[in-house]
2 protein chains.
Amino acid sequence: MFSKACEYAIKASIYVAAQSLEDKRVTLKDIAAEIDSPVAFTAKILQQLVRNDIMQSTMGPTGGFQIEKSLIDTIQLAEIVHTIDGDGIFTRCGLGLKKCNAKKPCPVHDKFSVIRDELREVVGNISLFELASGLYVGLTHIKR
Amino acid sequence: MFSKACEYAIKASIYVAAQSLEDKRVTLKDIAAEIDSPVAFTAKILQQLVRNDIMQSTMGPTGGFQIEKSLIDTIQLAEIVHTIDGDGIFTRCGLGLKKCNAKKPCPVHDKFSVIRDELREVVGNISLFELASGLYVGLTHIKR
DNA sequence: TTTAAATAGGACAAATTTATCCGATAATAA
DNA sequence: TTATTATCGGATAAATTTGTCCTATTTAAA
């Protein structure tokens, strides 16, 4: 469904958000340990998220990553997915055809449109706050 | 969503099915040309489909691929997907967690379960006959 | 001011997926 | 029986994704 990079991005964002709710900044190492991901690879992904204003980073000692508290409930899962994987998953033809649309559809067009729309609707309406609170209260997990 | 190999497999199966409905056997070259896919790569994929009894092949002149006519409406899209990509798309956690289930869910578990179930339901209930007839009557296309 | 702890980012490596090449094998038809 | 036309399948290559390494840069604290 999502690329591995995107999975890491989502998990990292949820963890950073949960910590930010407590005004805690977290280091790259923490994040990688918490979501069970390769450190250096995770660093690249976090950089993308920072460049796209999903989160903020601070260099130097006491540095790390955090998400502006007031924005946590305005960031939707869709923004993270879009930043890392683009919008292919929401728009791409199920059979990979370049020219597939309602007028000249591929054989699975109609049925897959429904699923893609539902996916778009779902990830477009889950906020980072919702995801992070579930983690915070121990209702969900994120590691392995 | 699906791997490229799986996309080729689906398109090839639809084309072969449509031709088989007219009792026409088709060659590898025909298939690759018709679905705009690399010939040799397509050959590998077709071999997998043959080994899994999705279609049949005949060597030698007048040889090629076909699907037993009486079985075309019993083969569901799910079987093709399963043969090439396995069942990961139906079962895998949205965040790639090994131990994600209703008791100890990942943050997106519930919402993604719905989508995966719907996907499973859809591909489990589209028959090759349905897909091939759409192509046959020119309602759908499969190339580019 | 120096040191240490943190992210930034370029270059490179491994793994996986996608794609190609070529000889072997099978089967039809002349 | 031979030539031709197919698929089969192993080896290899290219492309993409995933992952690593190392140095530079920034910044807080001693």
Side-chain angles (χ1 to χ4, degrees), chain A residues 1-13 15-16 19-20 24-67 81 83-86 88-89 92 95-96, chain B residues 1-13 16 19 24-67 81 83-86 88-89 92 95-96:
Chain A
M1 183 98 84
F2 303 134
S3 69
K4 251 194 160 93
C6 190
E7 290 176 1
Y8 293 148
I10 296 169
K11 289 187 274 194
S13 298
Y15 175 62
V16 173
Q19 296 298 304
S20 294
K24 288 180 186 160
R25 190 182 281 159
V26 288
T27 68
L28 169 61
K29 266 195 207 169
D30 285 340
I31 297 171
E34 199 64 26
I35 71 175
D36 195 35
S37 67
V39 176
F41 189 48
T42 305
K44 311 282 184 192
I45 296 162
L46 293 175
Q47 285 173 34
Q48 289 186 66
L49 295 175
V50 168
R51 270 186 237 116
N52 282 270
D53 295 317
I54 308 283
M55 57 177 70
Q56 295 79 45
S57 68
T58 323
M59 283 180 133
T62 77
F65 298 83
Q66 88 272 1
I67 302 182
V81 172
T83 296
I84 306 298
D85 279 352
I89 197 166
R92 203 165 160 282
L95 299 184
Chain B
M1 181 97 84
F2 302 133
S3 69
K4 247 189 164 93
C6 191
E7 290 176 1
Y8 293 148
I10 295 169
K11 290 188 273 194
S13 298
V16 174
Q19 294 299 304
K24 288 180 186 158
R25 189 183 280 159
V26 288
T27 68
L28 169 61
K29 267 195 208 168
D30 285 340
I31 298 171
E34 198 65 27
I35 71 175
D36 196 35
S37 67
V39 176
F41 189 49
T42 306
K44 311 282 185 191
I45 296 162
L46 293 175
Q47 285 172 35
Q48 288 186 68
L49 295 175
V50 168
R51 269 186 239 115
N52 281 270
D53 296 315
I54 308 285
M55 58 178 69
Q56 294 79 45
S57 67
T58 322
M59 283 180 133
T62 78
F65 298 84
Q66 89 272 2
I67 302 182
V81 172
T83 297
I84 307 297
D85 279 353
I89 197 167
R92 203 166 161 280
L95 300 184

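Reckoned from all heavy atoms, side chains included, excluding hydrogens, waters and symmetry mates. Just so we're on the same page: letters track the sequence lines, and every chain starts at 1. Source: prediction; values computed, not measured.
Side-chain atoms of B:R51 and B:T83, non-hydrogen and from C-beta on, never get closer than 4.5 Å to each other. In this structure the side chain of B:L46 reaches within 4.5 angstrom of the side chain of B:L49, judged on heavy atoms. Side-chain contact check for B:I84 versus B:F2: every heavy-atom pair is 4.5 Å or farther apart. The shortest side-chain heavy-atom distance between A:S13 and A:I54 falls under the 4.5 Å cut-off. Inter-residue side-chain proximity for A:K11 and A:D36 is flagged as unmet; no heavy-atom pair is nearer than 4.5 Å.
The distance from the CD atom of A:Q19 to the OG1 atom of A:T27 is 10.5 Å, given to the nearest 0.5 Å. Note that CE of A:M59 and OG1 of A:T62 are 13.0 Å apart. Values are rounded to the nearest 0.5 Å.
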Base-contact (B) and sugar-phosphate-only (S) positions in nucleotides 13-25 of chain D, heavy-atom cut-off under 4.0 Å, - elsewhere: -----SBBB---B

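No donor-acceptor pair under 3.5 Å is formed between the side chain of A:D85 and the backbone N or O of A:V81.
In this structure, B:S37 and A:R51 both approach DNA chain C, and ranking their closest nucleotides by distance from the 5' end singles out A:R51.
The phosphate of D:dT7 (OP1 or OP2) has no side-chain N or O of B:Q47 nearer than 4.0 angstrom.
For B:F65 and D:dT5, the CZ to P distance is 18 Å, given to the nearest whole Å.
Contact footprint of chain A on DNA chain C: nucleotides with an atom under 4.0 Å from a non-hydrogen protein atom, first to last in 5' to 3' order, C:dA4 to C:dA11.
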